[in-house]
Asks: 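Shown below is the structure under consideration.
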Protein chains: 2
Amino acid sequence: MAEEYVQSLARGLAVIRAFDAATPELTLSDVARKTELTRAAARRFLLTLVDLGYVRTDGRLFSLSPRVLELGYAYLSSLSLPEVALPHLERLVAEVHESASVSVLDDADVVYVARVPTTRIMRVTIAIGTRFPAHCTSMGRVLLAGLPPDELDAFLEGHPLERLTPRTVTSPVALRGELDRVRAQGWAMVDQELEEGLRSIAAPIRNRAGRAVAAVNLSSHASRTTLESARRDLLPPLLATAARIEADLHATSSREAMP
Amino acid sequence: MAEEYVQSLARGLAVIRAFDAATPELTLSDVARKTELTRAAARRFLLTLVDLGYVRTDGRLFSLSPRVLELGYAYLSSLSLPEVALPHLERLVAEVHESASVSVLDDADVVYVARVPTTRIMRVTIAIGTRFPAHCTSMGRVLLAGLPPDELDAFLEGHPLERLTPRTVTSPVALRGELDRVRAQGWAMVDQELEEGLRSIAAPIRNRAGRAVAAVNLSSHASRTTLESARRDLLPPLLATAARIEADLHATSSREAMP
DNA sequence: TCCAGATGTTCGCAATACGAACGAGAGTTC
DNA sequence: GAACTCTCGTTCGTATTGCGAACATCTGGA
């Protein structure tokens with residue numbers, strides 16, 4: 001913990017995060033238990049959030065209000081990438097009829113910042129803000145491949161590679177080999193390492209300095225796309241889309257915060 | 001301001017909101033100015049947010065980190081509607097080839113909580129969390145039409161109706177007339193009241209008690225859709241989709257926080 | 001080089017946020 | 001019905017957390 005640390009802000013944010021899919025509505029005491037605060041403290045934070053419009057209550061149960069999206073939206077609106085990328089994703093999807101997404105790297109995860117879905121092929125829904133482990137996703141692979149060597153070393157040392165399916169690459173040596181290949185070919189394909197049946201192919205989006213700062217991908221299901229057809233049919237339009245997004249981002253880069 | 005109010009939480013959240021499209025990166029002093037805090041206070045909040053991973057800094061400029069999406073994501077993941085609705089939107093878009101969205105009412109705005117875009121037809125990009133004034137949007141119309149009379153009275157008294165285009169309905173009497181029509185026909189069409197050229201058609205999504213708690217819409221451009229063809233070609237699949245979303249929500253309503 | 005203005009930082013202390021104790025409600029037992 | 005126990009939500013005296021006045025540093029202009 002830093003010296004200059006406002007404990008009340010940290011506690012208040014933990015109260016926001018206490019609401020999730022499993023517990024969308026909570027009593028004051030539930031929140032206190034979940035955040036390990038006293039009931040009096042939880043009450044103060046909840047009442048403050050209600051006053052600010054971020055939380056609603058019927059007098060007993062508390063739940064988040066749509067206004068809390070404003071906080072995440074601040075990030076998206078501060079970043080030109082989603083807005084620039086979305087029309088290109090729309091065009092790509094109209095061409096190949098598979099879901100397309102853009103993500104950035106944050107710690108050990110990729111975080112989705114733009115998406116045009118077609119038909120659902122995963123067990124879980126992907127939305128803006130969804131996070132997956134970088135090591136077993138196609139977009140994560142191109143982003144990791146673009147890290148400077150010291151940052152990649154730090155990543156591998158700091159993050160054990162979790163196994164999600166029998167195919168997940170979990171050894172740092174094997175992953176380095178995969179990333180070498182990604183660097184050589186300029187794109188990544190991941191086959192059922194995140195979820196059984198899920199195939200995806202990704203390309204990097206680079207800034208002016210040539211650093212991969214985001215990734216764009218297409219995802220499909222193993223039942224309708226062979227590895228060969230993905231490379232033949234999906235890769236060319238994907239690479240073209242990445243290039244177009246880059247060109248647009250460079251054209252606007254005098255006013256952007258680029259990841 | 002309520003008695004039980006944690007000023008530090010409110011201030012910290014204002015710091016998050018200080019970052020936007022116009023100012024994605026800010027110095028400590030910029031943040032202080034923008035939030036009307038002292039530099040010392042702004043510094044403490046920024047350092048706290050950096051420590052929590054929500055803000056990044058190069059030592060001079062601060063910017064939001066993707067992790068801040070987690071705060072908005074808490075709302076989306078706490079609400080079953082987006083997850084239930086998205087597959088239905090995907091199917092609807094595959095059928096009619098126009099962008100489809102779901103939103104909820106929050107104060108005087110509709111807030112987008114799910115979306116499948118096709119081709120962009122508006123000047124601004126719509127993302128999850130985007131807010132538009134309810135009175136001049138098709139989804140806002142069906143949601144306002146579903147308010148109890150006392151709540152609709154309060155809305156009209158508390159919110160002057162802003163004019164966005166020459167066609168925007170800005171008189172409370174005229175809007176009441178529109179809402180009467182919406183109630184009678186069960187859907188709403190809005191023609192270039194939000195933005196020139198934008199046509200959209202919306203249907204309500206109701207909870208078990210019959211209250212319109214969300215809305216689903218299709219949007220198109222005046223250059224490619226007549227009012228007549230929108231009603232003939234888009235309305236039937238839209239209404240069918242609303243019914244399907246409702247059915248699915250009712251099936252899961254034992255575990256949901258429904259708006 | 002000097003000065004003024006702007007920026008970032010420190011540390012004594014005031015006021016903000018704290019939680020122990022209280023009040024209220026519900027359920028159980030005698 | 002009374003008494004007791006447990007859980008929940010709330011209050012208010014005060015401790016400690018967050019405060020900002022003052023200091024330190026940097027930058028640009030004369």
Side-chain angles (χ1 to χ4, degrees), chain A residues 1-20 22-65 68 71 74 78 254-255 257, chain B residues 1-20 22-65 68 71 78 255 257:
Chain A
M1 194 187 320
E3 288 176 13
E4 305 296 320
Y5 191 79
V6 182
Q7 181 172 227
S8 295
L9 174 58
R11 286 174 161 192
L13 293 171
V15 166
I16 292 178
R17 295 194 308 272
F19 298 92
D20 60 24
T23 50
E25 295 183 305
L26 296 162
T27 62
L28 187 163
S29 295
D30 291 334
V31 171
R33 249 184 318 262
K34 206 163 174 183
T35 54
E36 297 181 341
L37 296 172
T38 62
R39 299 195 306 276
R43 178 168 177 272
R44 283 196 296 275
F45 290 115
L46 284 167
L47 292 182
T48 301
L49 292 168
V50 167
D51 198 62
L52 293 171
Y54 293 121
V55 166
R56 295 183 295 199
T57 182
D58 59 13
R60 181 178 162 262
L61 289 171
F62 294 87
S63 61
L64 293 177
S65 133
V68 82
L71 300 174
S78 75
S254 60
R255 66 165 289 268
Chain B
M1 193 183 329
E3 288 176 12
E4 305 296 319
Y5 190 80
V6 182
Q7 183 173 226
S8 293
L9 174 57
R11 287 174 160 195
L13 292 171
V15 167
I16 293 178
R17 294 194 308 271
F19 298 93
D20 59 25
T23 50
E25 294 183 305
L26 296 162
T27 63
L28 187 164
S29 295
D30 292 334
V31 170
R33 244 183 321 261
K34 206 162 176 185
T35 53
E36 299 182 341
L37 294 173
T38 61
R39 300 195 304 278
R43 178 170 178 272
R44 280 196 298 275
F45 289 116
L46 284 167
L47 292 181
T48 301
L49 291 168
V50 167
D51 201 60
L52 293 172
Y54 293 121
V55 166
R56 295 183 296 198
T57 182
D58 59 12
R60 180 175 164 263
L61 291 172
F62 294 87
S63 62
L64 293 177
S65 132
V68 84
L71 299 174
S78 75
R255 64 167 289 267

Asks: In whole angstrom, what separates B:Leu37's CG from D:dC19's C1'?
Replies: 11 Å
Asks: Tell me: CG of A:Asp51 to P of C:dA17, nearest whole Å?
Replies: 13 Å
Asks: If I take atom CZ from residue B:Phe62 and atom CG from residue B:Leu49, how far apart are they, to the nearest 0.5 angstrom?
Replies: 10.0 Å
Asks: Check whether any side-chain N or O of B:Ser8 sits under 4.0 Å from OP1 or OP2 of C:dA17, and answer yes or no.
Replies: yes
Asks: Atom NZ in A:Lys34, atom CZ in A:Arg17: separation rounded to 0.5 Å?
Replies: 11.0 Å
Asks: Working to the nearest 0.5 angstrom, can you tell me the gap between A:Leu13 CG and B:Tyr54 OH?
Replies: 5.5 Å
Asks: Which one, C:dT9, D:dT17, D:dT10, comes nearest to the side chain of B:Leu28?
Replies: C:dT9
Asks: Rounding to a whole Å, what distance do you find between A:Leu46:CG and D:dT10:C1'?
Replies: 14 Å
Asks: Nearest whole Å is fine: how far is C:dA17 P from A:Leu49 CG?
Replies: 13 Å
Asks: For the pair made of OH in A:Tyr5 and P in D:dC19, what is the distance, rounded to whole Å?
Replies: 14 Å
Asks: Please find the pair of heavy atoms, one from A:Leu28 and one from A:Ala42, that lie closest to each other, and give the distance.
Replies: O-CB, 4.0 Å
Asks: Starting at CG of B:Leu37, measure out to CZ of B:Arg44 and round the result to the nearest 0.5 Å.
Replies: 9.0 Å
Asks: Any salt bridge between B:Arg39 and B:Asp30, counting N to O under 4.0 Å?
Replies: no
Asks: Kindly give the heavy-atom pair with the smallest separation between A:Leu52 and B:Tyr5, and that separation in Å.
Replies: CD2-OH, 3.5 Å
Asks: How many Å lie between CG on B:Leu47 and P on C:dG8, as a whole number?
Replies: 11 Å
Asks: Using atom CZ of B:Arg60 as one end and atom P of C:dA6 as the other, report the distance to the nearest whole Å.
Replies: 15 Å
Asks: To the nearest 0.5 Å, tell me how far B:Leu46 CG sits from B:Thr57 OG1.
Replies: 8.0 Å
Asks: Sort me out a list of protein N/O and nucleotides 19-21 of chain C N/O pairs below 3.5 Å, or just none if empty.
Replies:
{"unit_1": "C:dG19", "atom_1": "OP2", "unit_2": "A:Thr38", "atom_2": "OG1", "d": "3.3"}
{"unit_1": "C:dG19", "atom_1": "N7", "unit_2": "A:Arg44", "atom_2": "NH1", "d": "3.4"}
{"unit_1": "C:dG19", "atom_1": "O6", "unit_2": "A:Arg44", "atom_2": "NH1", "d": "3.2"}

Asks: With nearest nucleotide decided by heavy atoms, which residue, A:Phe45 or B:Arg33, maps closer to the 5′ end of DNA chain C?
Replies: B:Arg33
Asks: In Å, rounded to the nearest 0.5 Å, how long is the span from CG of A:Leu26 to CG of A:Asp20?
Replies: 7.5 Å
Asks: Nearest whole angstrom, please: distance from the C1' of D:dT10 to the CZ of A:Phe62.
Replies: 12 Å
Asks: Roughly what angle, to 10°, lies between the helix axis at the start of the helix from C:dT1-D:dA30 to C:dC30-D:dG1 and the one at its end, five pairs per end?
Replies: 10°
